[in-house]
Protein chains: 2
Amino acid sequence: MSDTMAGSNGQMGFSGTRAAAVVGISYRQLDYWARTDLVRPSLADASGSGSRRQYSYRDLLELRVIKSLLDAGIKLESVRKAFSYLRENVDADIAAATLVISGSDVLLCDGDTLIDIVRRGGQGVLNVLAIGSVKTDLDASLVELAQDAPAADLPAAQAG
Amino acid sequence: MSDTMAGSNGQMGFSGTRAAAVVGISYRQLDYWARTDLVRPSLADASGSGSRRQYSYRDLLELRVIKSLLDAGIKLESVRKAFSYLRENVDADIAAATLVISGSDVLLCDGDTLIDIVRRGGQGVLNVLAIGSVKTDLDASLVELAQDAPAADLPAAQAG
DNA sequence: CGGCGTAATTACGCGCCTGTGGTCATCGCA
DNA sequence: TGCGATGACCACAGGCGCGTAATTACGCCG
């Protein structure tokens with residue numbers, strides 16, 4: 001009936017269409033990003049026509065961060081570099097920190113470190129994004145769209 | 001002999017080619033930006049083939065700020081919006097402040113105000129750029145390139 | 001006044017990102 | 001096991017932001 005049925009472990013996935021709807025991007029963007037290796041669905045990748053991609057909650061968070069960066073006028077190419085860097089150098093819990101992009105340098109930091117960085121304010125542009133607020137917005141969108149897919153649990157348990 | 005001859009008032013202009021060289025962008029970019037109304041030369045605009053554009057020092061500063069934003073991965077379209085907003089709402093001395101772009105809001109602020117903004121860190125991306133450092137870099141580039149155009153005064157008198 | 005250098009103009013092409021539309025494999029369901 | 005819905009795949013189009021190259025016009029200088 002719905003593609004958001006909870007599995008036996010309570011960890012549900014999101015289909016491509018639903019992921020795009022929740023995040024607030026077009027399906028074509030989601031598709032393009034998946035096949036150009038920006039964000040691949042971590043639960044189930046596509047394997048030919050007719051297969052189904054399955055996005056995790058964490059994937060949605062990444063997608064939403066990317067959407068925020070795009071909305072802020074940042075080029076997709078730049079977003080790609082930032083995320084490839086992040087994936088190689090950071091495994092910390094992303095949701096708690098603030099993302100800072102400064103040229104080719106990317107880092108996650110907490111509030112005080114952030115103030116420090118901004119105060120010294122190198123010689124380039126700083127792109128600053130609080131992941132926490134992104135997560136809040138994402139959860140709100142999830143609750144909104146949950147009405148269309150009744151049997152799904154709300155993601156409250158995932159708040160970290 | 002040179003297109004950077006100082007006039008009787010000491011206020012010299014920069015040709016298109018030199019402006020591009022000093023700022024560090026291609027001539028095609030400068031040309032494109034001029035004819036699409038991003039930055040027009042304030043001393044003398046083009047008037048047909050064979051005419052000469054004349055950029056002021058202030059123009060160079062704007063161009064350099066734009067270059068910084070582009071280098072940071074910000075889309076030209078977004079830069080356009082920011083500058084059209086700035087030109088309509090702000091006549092303060094740009095060189096002293098910090099430029100902050102937050103979605104469709106653009107503002108110039110000093111150090112303390114900046115910290116305040118970052119601390120509360122709205123729900124989007126903040127693009128932060130200290131204009132002072134841009135000006136410093138620009139002046140350095142001017143001094144470097146002055147060797148190619150000997151008779152020109154250094155822009156030290158223009159420091160704000 | 002006629003060549004010469006500079007530079008603005010124009011035409012053309014490319015790569016990126018994305019929207020549109022159609023095709024086709026797969027899944028859910030009866 | 002066939003049928004309809006879903007969604008991945010593919011071909012194409014289009015705008016933006018330039019690069020490249022040729023063309024045209026101005027200004028200077030001999």
Side-chain angles (χ1 to χ4, degrees), chain A residues 1-5 7 13-41 43-55 59 63 66-67 69-83 148-149 151, chain B residues 1-5 7 13-41 43-55 59 63 66-67 69-83 148-149 151:
Chain A
M1 179 175 292
S2 158
D3 56 355
T4 57
M5 275 189 314
F14 301 83
S15 74
T17 303
R18 281 194 65 75
V22 170
V23 172
I25 61 179
S26 71
Y27 174 81
R28 289 305 289 116
Q29 284 180 298
L30 188 77
D31 182 42
Y32 179 68
W33 297 354
R35 59 178 75 243
T36 54
D37 266 4
L38 179 54
V39 176
R40 307 269 286 282
L43 298 186
D45 206 345
S47 61
S49 197
S51 62
R52 273 99 199 275
R53 289 194 260 250
Q54 284 274 321
Y55 289 86
D59 293 336
L63 290 169
I66 293 176
K67 174 180 161 54
L69 292 171
L70 287 186
D71 288 348
I74 297 182
K75 285 180 279 190
L76 191 62
E77 178 194 359
S78 181
V79 175
R80 275 185 212 281
K81 290 180 185 168
F83 271 76
D148 300 340
Chain B
M1 178 173 291
S2 155
D3 57 354
T4 56
M5 277 189 313
F14 301 84
S15 74
T17 303
R18 279 196 66 74
V22 170
V23 172
I25 61 179
S26 72
Y27 176 79
R28 290 304 286 116
Q29 284 181 297
L30 189 77
D31 181 46
Y32 181 68
W33 298 354
R35 61 178 72 242
T36 54
D37 267 7
L38 179 54
V39 176
R40 306 269 286 283
L43 298 185
D45 206 343
S47 60
S49 196
S51 64
R52 273 96 200 279
R53 289 193 262 250
Q54 284 275 319
Y55 289 87
D59 293 335
L63 289 169
I66 293 176
K67 173 180 162 54
L69 293 171
L70 289 185
D71 288 347
I74 297 181
K75 284 180 279 191
L76 191 62
E77 178 194 358
S78 179
V79 175
R80 275 185 214 281
K81 289 179 185 170
F83 272 77
D148 301 339

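Just the heavy atoms: all of them, side chains too, but no hydrogens, waters or symmetry mates, feed the values below.
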Which value, rounded to the nearest 0.5 Å, describes the distance between A:Leu70 atom CG and A:Ile25 atom CD1? 9.0 Å
Nearest-nucleotide comparison on DNA chain C, the residue closer to the 5′ end among B:Tyr55 and A:Arg80: B:Tyr55
With respect to the phosphate group of D:dC18, does any side-chain polar atom (N or O) of B:Tyr32 fall under 4.0 Å of OP1 or OP2? no
So, applying side-chain contact (heavy atoms from CB on, under 4.5 Å) with B:Val23, which one of B:Leu63, B:Val39, B:Asp59 is it? B:Leu63
C:dT9, OP1 or OP2 - any side-chain N/O from B:Arg35 closer than 4.0 Å? yes
Check whether any side-chain N or O of A:Ser49 sits under 4.0 Å from OP1 or OP2 of D:dG7, and answer yes or no. no
Verdict with supporting geometry, A:Lys75 and B:Ile74, side-chain contact (heavy atoms from CB on, under 4.5 Å): CA-CA 6 Å; A:Lys75 285 180 279 190; B:Ile74 297 181; over 6 Å; no
First of B:Ser51 and B:Glu77 reached from the 5' end of DNA chain D, by closest nucleotide: B:Glu77
Starting at atom CD of A:Gln29, determine the distance to atom P of C:dC16, rounded to an integer number of angstrom. 17 Å
Please report, rounded to the nearest Å, how far the P atom of D:dC18 is from the CG atom of B:Asp71. 11 Å
How close do B:Tyr55 and B:Ala19 get, counting heavy atoms only, and between which atoms? CD1-CB, 3.9 Å
Is atom NZ of B:Lys81 surrounded by more than 12 heavy atoms (other residues, nucleotides or ligands) closer than 6.0 Å? no
Need one value for B:Thr36: base, sugar-phosphate or nothing, where a base atom within 4.0 Å counts as base even if backbone is also close, heavy atoms only. nothing
B:Lys75 atom NZ is separated from C:dC17 atom P, nearest whole Å, by 10 Å
Please check the phosphate of C:dT18 (OP1 and OP2 only) for any side-chain N or O of A:Trp33 closer than 4.0 Å. yes
From CD1 of A:Ile74 over to C1' of C:dC16, roughly how many Å is that when rounded to an integer? 17 Å
Does a nitrogen or oxygen in the side chain of A:Arg53 sit under 4.0 Å from OP1 or OP2 of D:dC9? yes
Listed nucleotide nearest any side-chain atom of B:Arg52, set C:dT9, C:dT6, C:dG19: C:dT6
Taking C:dG19, D:dC9, C:dT10 as options, the one with an atom nearest any side-chain atom of A:Ala46 is D:dC9
Picking from D:dG19, C:dG19, D:dC9, which would you name as closest to the side chain of A:Arg28? C:dG19
Spacing between B:Leu70 atom CG and D:dC18 atom P, to the nearest angstrom: 6 Å
Between A:Ile66 (CD1) and C:dC17 (C1'), how many Å, whole number? 14 Å
Measure CG/B:Leu76 against C1'/D:dG15 and give the value in whole Å, please. 13 Å
Under 4.0 angstrom between B:Ser15 side-chain N/O and C:dA7 OP1 or OP2: yes
